Structures are given as structure tokens and as C-alpha cells.
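As the structure is a computational prediction, the values presented were derived from the model and not from experiment.
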Amino acid sequence: MATKQAPAGLNRAGKALWTAITEKYEFRPDELAILEDACRMADLIAAMEGAWADDGSPMTSEGSQGQLVVHPLIAELRQYRNARARLLKQLALPDDVGAASGNGNTNARSAQARDAANARWARRGA
């Protein structure tokens, strides 16, 4: 399956995510928009991680009244990672067998969901 060209303006993290997903699956236009949003979120996460690392990856910073507070980028990174995860979940991609547990064992509900998603993707390829 050919990889669809990454949207203009994506940086390294976004392009890597785009390529990793589009080389395995085909998407409708509405799904491509969701994937693009997730890729742009990945770029924002990478930029924030870089800025935090450039600042020495501090766990705390000084608050508005001089008090010690959790560094604001920690909360932002958590929120952006959660947002990216929600976007990717909307794509309903099938799990890779054994990826989550390392041994291929999954509970019955996960197996049913994976089978349904695999059937969906198989229908698209036909």
C-alpha cells in the first residue's frame, strides 16, 4: 500500500506518525483530517518537549506569587498527549497482535473489537 503524501507544514514527529499510519491503512477524507490533526498535535508535543528539555526539564517553576509550582509544561504535555490519543482513537485502528501485552494474550472484549476493526479494514481493501 502506498503512503499518502504528508500534509504541508508537518515537522519530523508529525511526518513520522503520518507515514507510520498511512503506509498500513487507507482512509476516507474525514479520517485523513483527524489523522492530520493528530500529526500536528504530535509536532506540538515534540516542540514542547524540546522547549522543556532546553530549559533543563525542570519539575517545578516559580508561580505568580513566588511559590513553587509544578512546571506548566508538564500539565500541557499531559493534555496534548491525551488530545492526540483521543484523535487517534477516533480512527479505530486495529491493534497489532501482541503489541499491548507482548505475548499476544488479550481479553475477549479486546479481541472482539480488534476482529471487528480488522473486518472493517479488510472490506476497504477489497
Side-chain angles (χ1 to χ4, degrees):
M1 180 178 309
T3 302
K4 186 166 178 60
Q5 180 70 30
L10 288 181
N11 294 320
R12 183 181 300 166
K15 285 179 184 175
L17 180 59
W18 180 272
T19 301
I21 294 176
T22 60
E23 70 185 10
K24 275 181 96 169
Y25 306 105
E26 291 183 25
F27 297 96
R28 299 182 316 253
D30 60 313
E31 293 171 324
L32 286 173
I34 292 168
L35 178 57
E36 181 177 347
D37 287 345
C39 292
R40 293 198 187 284
M41 191 71 62
D43 282 338
L44 287 169
I45 291 166
M48 282 190 283
E49 288 171 340
W52 189 46
D54 289 347
D55 198 26
S57 303
M59 299 305 289
T60 58
S61 65
E62 188 175 309
S64 63
Q65 310 237 334
Q67 77 277 28
L68 195 60
V69 297
V70 173
H71 196 283
L73 278 176
I74 293 172
E76 288 300 310
L77 283 166
R78 181 184 65 241
Q79 290 178 1
Y80 276 73
R81 288 174 180 143
N82 286 337
R84 179 186 57 190
R86 284 191 306 272
L87 287 168
L88 292 172
K89 186 175 181 178
Q90 287 179 340
L91 296 176
L93 299 174
D95 292 336
D96 290 334
V97 175
S101 64
N103 62 13
N105 293 334
T106 58
N107 65 36
R109 186 173 178 183
S110 294
Q112 288 175 343
R114 182 179 54 253
D115 291 344
N118 283 331
R120 174 181 166 214
W121 288 106
R123 283 193 304 270
R124 286 199 178 155

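Taking V70 as the reference, I74 meet the side chain to side chain contact (heavy atoms under 4.5 Å, CB included) condition, with sequence neighbours excluded. The side chain to side chain contact (heavy atoms under 4.5 Å, CB included) check on D55 picks up P58, H71, with sequence neighbours excluded. Residues satisfying the side chain to side chain contact (heavy atoms under 4.5 Å, CB included) test with I34, not counting sequence neighbours, are L87, Q90, L91. Scanning for salt bridge (charged side-chain N to carboxylate O under 4.0 Å, His left out) contacts around D30 gives R28, with sequence neighbours left out. Partners of S57 according to the side chain to side chain contact (heavy atoms under 4.5 Å, CB included) rule, which considers only residues two or more places apart in sequence or in another chain, are W52, A53.
Using a 4.5 Å heavy-atom threshold, the side chains of L73 and Y80 count as separate.
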Would you give me the side-chain donor-acceptor pairs under 3.5 Å for residues 6-15, sequence neighbours excluded?
none

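To the nearest 0.5 Å, the span separating CG on L32 from CH2 on W18 amounts to 4.5 Å.
The list of salt bridge (charged side-chain N to carboxylate O under 4.0 Å, His left out) pairs with a residue in residues 61-88, not counting sequence neighbours, reads E49-R81. Residue pairs meeting the side chain to side chain donor-acceptor pair (under 3.5 Å) criterion with at least one member in residues 32-48, sequence neighbours excluded, are E36-R40.
Taking both residues in full, the closest heavy atoms of L17 and A38 are given as CD2-O, 3.9 Å, listed atom of the first, atom of the second, then distance.
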